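Reading through the structure tokens given below for one structure.
Order of appearance sets the numbers: ligands from 1, and atoms from 1 within every ligand. Nothing here was measured: the structure is a model prediction, and the numbers come from that model.
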Amino acid sequence: MMRTQITFVLNGTVQRVAGISPTTTLLQWLRRSRRLTGSKEGCAEGDCGACTVVVGTLAQDGVHYEAINACIQFLPMLEGKSVTTVEGVASADGALHPCQQALVECHGSQCGFCTPGFVMSLYALYLEQAAAPDDIDSVLAGNLCRCTGYGPIVAAARRMYELPRPTGEGERRTCESELLKSLAHEESIEIAGDGRRMLLPATEDELAQAYLANPNATLIAGATDVGLWVTKQDRPLPLTIHLGRVRDFALTRESGEALQIGAGVTHAMAASVFNARAPTLAELWRRFAGLQVRNAGTVGGNIANGSPIGDLAPALIALGARVHLRRGDERRGLALENFFVGSGKQDRRPGEFVVRLDVPEMSLTDLQIYKVSKRFDDDISAVCGAFVIAVDGGKVVRARIAFGGMAATPKRARAVEVALIGRPWTRATIDGALPAFATDFAPISDARASADYRMQVAQNLLVRAFVERTATETVTRLAGHAALAIGAR
Ligand SMILES: Cc1cc2nc3c(=O)[nH]c(=O)nc-3n(C[C@H](O)[C@H](O)[C@H](O)COP(=O)(O)OP(=O)(O)OC[C@H]3O[C@@H](n4cnc5c(N)ncnc54)[C@H](O)[C@@H]3O)c2cc1C
Ligand code: FES
Ligand code: FES
């Protein structure tokens, strides 16, 4: 059975929408069709957070709430979910929610344009966490405020937990959960309007068939890249296939010695799986975009977009990950480093899609990864370097080193690896390996960094990886405002 309408819950009320252009963004629809103008458009590219709404997804233990950017979510992607906008946060009797009351009390708003977005990020935090996290900055990094200053807003994030819980909170949650259960179904969907179509297959087999039959279709996972093609480049995207309903695509599994990460696993989900296993990967994800983008964007999308500055590829290449692909009924797997074949080109045939990534667990604790960007938070890398170096008996026995931002693709530093393997793990060996960078890379200059800067930074990151492992008490990392001393291993 194929449905031709999408159904979701908006501020507690069921919505059924058909015959709409499938690349209409949630923000456009809220503001134009529903006249819910509390959510603002600041940038229309996922950077400022003024459009933040809270999306609820039915899980086994109830509804799971996340903040996302409405400006780069296409409306059909909301199928089966709940959406709360800033208009739906206060109680029915008009009483402010603690997150709103706290912003009032802490003077957390001046001009107010950004305020609805902050309210929604705080609301999602309040729904999901019973106490203020230590690192509130990371929750708010995807919300820009240019005039109030973050001090009062961060104070409000703590204050909201001291205020009385809202009345009817539990009932509201239960009610939403029941509503979402009543809407759940396993049918595929096709939305057509304004000369455009979006297919939303429900299974991997249906996806494989649909993409094989329509290899020119644009695949959409979290739309944190594709959304900008529409809002910033005005690309028409006549036929799209959304992966968000494919069962099992958003699962992680442990299989023997590898962690299998489904292509539809979001960065937020993946971070929760990897954080305890690989501390430096956790730090990378902490600095990957803002939370709204991490809640929507997927691991598969970050690999499949073929970006030379995507953050995950260097880390996963250094770890020896394999990418698994499917085209119709054919399946194959290849080393991730061989997937990137040229500028914007991957080893992917028409109609072929990424199913999952297998990440060996063995090297996770040895991974050292460094992201160098102009801003600490919510910025794309100028250079990202990942190192897995094994030392035994004082000698380097294994080295896998990969960089983003140094070539047209994410790339292994093979000459540097050769210059290290078999040699003593000493500063002299590191210094001796530095000239090999020129064999591996000829970086370009662009708005993010000059070629010279990139080369120097990449070399320095190898030195830093060495210092971090050999010098005790050396402060080599900053996480939020806290400087962490990483001791010798
Ligand atoms: C504000 C902002 C900040 C960002 N910061 C960062 C950052 O710090 N680091 C970083 O690396 N990236 C960053 N990004 C880029 C982006 O968020 C990531 O690349 C994200 O992982 C893309 O995933 P997605 O699911 O949103 O992909 P989509 O936008 O849905 O798709 C991206 C591409 O992959 C293709 N695709 C998606 N899934 C598959 C699949 N399973 N098989 C084949 N093709 C597929 C799509 O057709 C498209 O070409 C940022 C983006 C924004 C808007
Ligand atoms: S409008 Fe700026 S993130 Fe959506
Ligand atoms: S209150 Fe003005 S930008 Fe935040």
- Does an N or O from A304, backbone or side chain, lie closer than 3.5 Å to an N or O of ligand 1? no

- Task: Please state which part of A289 comes within less than 4.0 Å of ligand 1, counting heavy atoms only: side chain, backbone, both or neither.
- Result: both

- Ranked by distance from atom 3 (S) of ligand 2, the top protein heavy atom is G49 N, 3.1 Å

- Message: Is there a side chain to side chain donor-acceptor pair (under 3.5 Å) between S373 and R287? Walk through the geometry before answering.
- Response: CA-CA 10 Å; S373 54; R287 293 186 50 209; 2.9 Å; yes

- Considering only heavy atoms of Q110, which atoms of ligand 3 have at least one such atom less than 4.0 Å away? 1 (S)

- Could you go through the side chain to side chain donor-acceptor pair (under 3.5 Å) check for T85 and N11 one step at a time? CA-CA 7 Å; T85 66; N11 293 334; 2.9 Å; yes

- Task: Answer yes or no: is there an ion pair linking R245 with E206, defined by an N-O contact shorter than 4.0 Å?
- Result: no

- Is D47 in polar range of ligand 1, meaning some N or O pair under 3.5 Å apart? no

- Task: Consider ligand 1: state whether an atom of it lies below 4.0 angstrom from any non-hydrogen atom of H267.
- Result: yes

- Item | Sub-4.5 Å side-chain heavy-atom contact between L316 and F339 | no

- Message: Assess whether a salt bridge exists between E87 and R34, defined as any Lys/Arg side-chain N lying under 4.0 Å from an Asp/Glu carboxylate O.
- Response: no

- Query: When only distance counts, is V293 in polar contact with ligand 1, meaning an N/O pair under 3.5 Å?
  - Reply: no

- Query: Between T218 and ligand 1, is there a nitrogen or oxygen pair with a distance under 3.5 Å?
  - Reply: no

- Query: Given that the side chain starts at C-beta and the backbone is N, CA, C, O, which of these parts of A70 lies under 4.0 Å from ligand 2, counting heavy atoms, or is it both or neither?
  - Reply: neither

- Query: Going from CG on L281 to CG on N275, what distance comes out if it is rounded to the nearest 0.5 angstrom?
  - Reply: 7.5 Å

- Note on the structure: Among non-hydrogen protein atoms, atom 27 (O) of ligand 1 lies closest to G301 CA, 3.6 Å

- Which part of V299 is near ligand 1, with near meaning a heavy atom under 4.0 Å away: side chain, backbone, both or neither? neither

- Could an N or O of ligand 1 be found under 3.5 Å from any N or O of G300, whether backbone or side chain? no

- Could you tell me which non-hydrogen atom of T84 sits nearest to which non-hydrogen atom of M120, and how far apart they are? O-CE, 3.1 Å

- Task: Kindly state whether the ring of F113 and the ring of F118 have centres lying under 6.0 angstrom apart.
- Result: no

- Query: Got an N, O or S from C147 under 2.8 Å of atom 2 (Fe) of ligand 3?
  - Reply: yes

- Message: Looking at D446 and R454, is any side-chain nitrogen of the basic one under 4.0 Å from a carboxylate oxygen of the acidic one?
- Response: yes

- Min N/O separation F288 to ligand 1 under 3.5 Å: no

- Query: Heavy atoms only: which of Q73, K371, M77, R326 is nearest to atom 8 (O) of ligand 1?
  - Reply: K371

- Item | Centroid-centroid distance, Y123 to H97, less than 6.0 Å | yes

- Message: Quick check: do F403 and K411 have side-chain heavy atoms less than 4.5 Å from each other?
- Response: no

- Partner of R3 under salt bridge (charged side-chain N to carboxylate O under 4.0 Å, His left out), picked from E190, E187, E186, is E187

- Item | Metal check, atom 4 (Fe) of ligand 3 vs C111 N/O/S, cut-off below 2.8 Å | no

- Query: Is atom 2 (Fe) of ligand 3 less than 2.8 Å from at least one N/O/S atom of C145?
  - Reply: no

- Item | Closest contact, heavy atoms only, P201 versus S188 | CA-OG, 3.6 Å

- Considering only the protein, which heavy-atom contact is closest to atom 14 (N) of ligand 1, and what is its distance? I380 CD1, 3.8 Å

- Message: Which of the numbered atoms in ligand 2 are under 4.0 angstrom from any heavy atom belonging to G46?
- Response: 3 (S)

- Item | Identified side-chain hydrogen bond (donor to acceptor under 3.5 Å, both in side chains) counterpart of E352 within the set R327, R326, R332 | R332

- Task: For atom 4 (Fe) of ligand 3, grab the closest protein heavy atom and report residue, atom and distance to one decimal in Å.
- Result: C114 SG, 2.2 Å

- among protein heavy atoms, the one nearest atom 1 (S) of ligand 3 is T148 OG1, 3.1 Å

- Polar proximity ligand 1 side, D378 side, N/O cut 3.5 Å exclusive: no

- Task: Could you tell me whether some N/O pair between W229 and ligand 1 is separated by less than 3.5 angstrom?
- Result: no

- of all protein heavy atoms, closest to atom 19 (O) of ligand 1 is N302 ND2, 2.9 Å

- Item | Between CD1 on residue I6 and CD1 on residue I191, distance to nearest 0.5 Å | 5.5 Å

- Item | Side chain, backbone, both or neither: the part of T52 lying under 4.0 Å from ligand 2 by heavy atom | neither

- Query: Side chain, backbone, both or neither: which part of N305 comes within less than 4.0 Å of ligand 1 when only heavy atoms are counted?
  - Reply: both

- Query: Purely on distance, is any nitrogen or oxygen of V354 under 3.5 Å from one on ligand 1?
  - Reply: yes

- Query: Quick one: does I303 get within less than 4.0 Å of ligand 1, heavy atoms only?
  - Reply: no

- Task: Could you please compute the angle at atom 4 (Fe) of ligand 2 from SG of C51 to SG of C71, rounded to 10°?
- Result: 100°

- Item | Exercise: identify the closest heavy-atom pair between S138 and R286 | CB-NE, 3.1 Å

- Query: At a non-hydrogen distance cut-off of under 4.0 Å, which region of E45 contacts ligand 1 (side chain, backbone, both, or neither)?
  - Reply: backbone

- Note on the structure: For V265 and A250 the tightest heavy-atom approach is CG2-C, 3.5 Å

- Query: Taking N or O atoms only and a 3.5 Å limit, does G310 qualify as a polar contact for ligand 1?
  - Reply: no

- Minimal non-hydrogen separation, A157 against L122, with atom names: CB-CD2, 3.6 Å

- Query: Between Q346 and ligand 1, which part of the residue brings a heavy atom under 4.0 Å of the ligand: side chain, backbone, both or neither?
  - Reply: neither

